[in-house]
**Student:** 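There's a structure below that I have some questions on.
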Amino acid sequence: PEGLTATPGVYGVLENSPHPQAARLFMDWILGVPGQKALVEATALYSPRTDVPPPSGGIPITEFKVLAPTDWDSFLKTHTQYVREWDKMTGLR
């Protein structure tokens, strides 16, 4: 009921890449519906796109209260504390 934490996935085109147009085409694909569907199927992670179905057995992302930072400066100031708490809750470290 409190919500689901969201983390960014970062994609981009590197400066001076050997095939920048190919990289741009990949970006168009991975951020579009076909690429996002493929990513969901391959990783079982959610797409932030509301026009992409959830992972198999999952509920639509529109039914989650997504918890994502809106003030990145504040987020960065508390990130160490957040990681410490997250690690305690999940037992990851």
Side-chain angles (χ1 to χ4, degrees):
E2 292 85 7
L4 177 70
T5 57
T7 57
V10 180
Y11 295 90
V13 177
L14 298 176
E15 185 178 6
N16 300 320
S17 59
H19 304 286
Q21 190 55 32
R24 288 183 193 95
L25 288 171
F26 175 76
M27 291 298 297
D28 285 345
W29 179 78
I30 197 71
L31 297 175
V33 172
Q36 288 292 289
K37 283 182 178 179
L39 199 58
V40 168
E41 288 175 18
T43 64
L45 297 174
Y46 277 80
S47 169
R49 294 184 64 117
T50 57
D51 54 353
V52 172
S56 180
I59 63 172
I61 198 165
T62 54
E63 294 182 25
F64 286 107
K65 176 182 177 186
V66 178
L67 303 174
T70 54
D71 180 346
W72 283 97
D73 288 330
S74 291
F75 171 75
L76 291 174
K77 288 176 187 169
T78 62
H79 186 255
T80 301
Q81 177 186 352
Y82 170 83
V83 170
R84 211 175 294 124
E85 290 295 320
W86 180 257
D87 290 347
K88 277 190 225 174
M89 289 182 346
T90 61
L92 290 175
R93 294 180 220 171

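Residue numbers run from 1 in the order of the sequence given. Computation of the quantities below employed the complete heavy-atom set of this structure, encompassing side-chain atoms and omitting hydrogens, waters and symmetry-equivalent molecules.
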**Student:** With sequence neighbours left out, write down each residue that passes side-chain contact (heavy atoms from CB on, under 4.5 Å) with E2, or none if nothing qualifies.
**Tutor:** none

**Student:** Write out all pairs satisfying salt bridge (charged side-chain N to carboxylate O under 4.0 Å, His left out) with one or both partners inside residues 68-77, taking only residues at least two apart or from two chains.
**Tutor:**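 Qualifying pairs, neighbours excluded: none.
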
**Student:** Would you give me the side-chain donor-acceptor pairs under 3.5 Å for residues 48-70, sequence neighbours excluded?
**Tutor:**
unit_1: R49; atom_1: NE; unit_2: D51; atom_2: OD1; d: 2.9
unit_1: R49; atom_1: NH1; unit_2: L31; atom_2: O; d: 2.9
unit_1: R49; atom_1: NH2; unit_2: D51; atom_2: OD1; d: 3.4
unit_1: R49; atom_1: NH2; unit_2: D51; atom_2: OD2; d: 2.8

**Student:** Name the atoms and distances for all side-chain donor-acceptor pairs under 3.5 Å in residues 78-89, with sequence neighbours left out.
**Tutor:**
unit_1: T78; atom_1: OG1; unit_2: S74; atom_2: O; d: 3.2
unit_1: T78; atom_1: OG1; unit_2: F75; atom_2: O; d: 3.3

**Student:** Under 3.5 Å, which donor-acceptor pairs do the side chains of residues 8-18 form with other protein atoms, sequence neighbours left out?
**Tutor:**
unit_1: S17; atom_1: OG; unit_2: L14; atom_2: O; d: 3.3

**Student:** Only pairs under 3.5 Å count here: list side-chain donor-acceptor contacts from residues 36-43, not counting sequence neighbours, and write none if there are none.
**Tutor:**
unit_1: Q36; atom_1: OE1; unit_2: S47; atom_2: OG; d: 2.6
unit_1: Q36; atom_1: NE2; unit_2: I30; atom_2: O; d: 2.6
unit_1: T43; atom_1: OG1; unit_2: L39; atom_2: O; d: 2.7
unit_1: T43; atom_1: OG1; unit_2: L45; atom_2: N; d: 3.2

**Student:** Do R24 and D28 have side-chain heavy atoms sitting under 4.5 Å apart?
**Tutor:** no

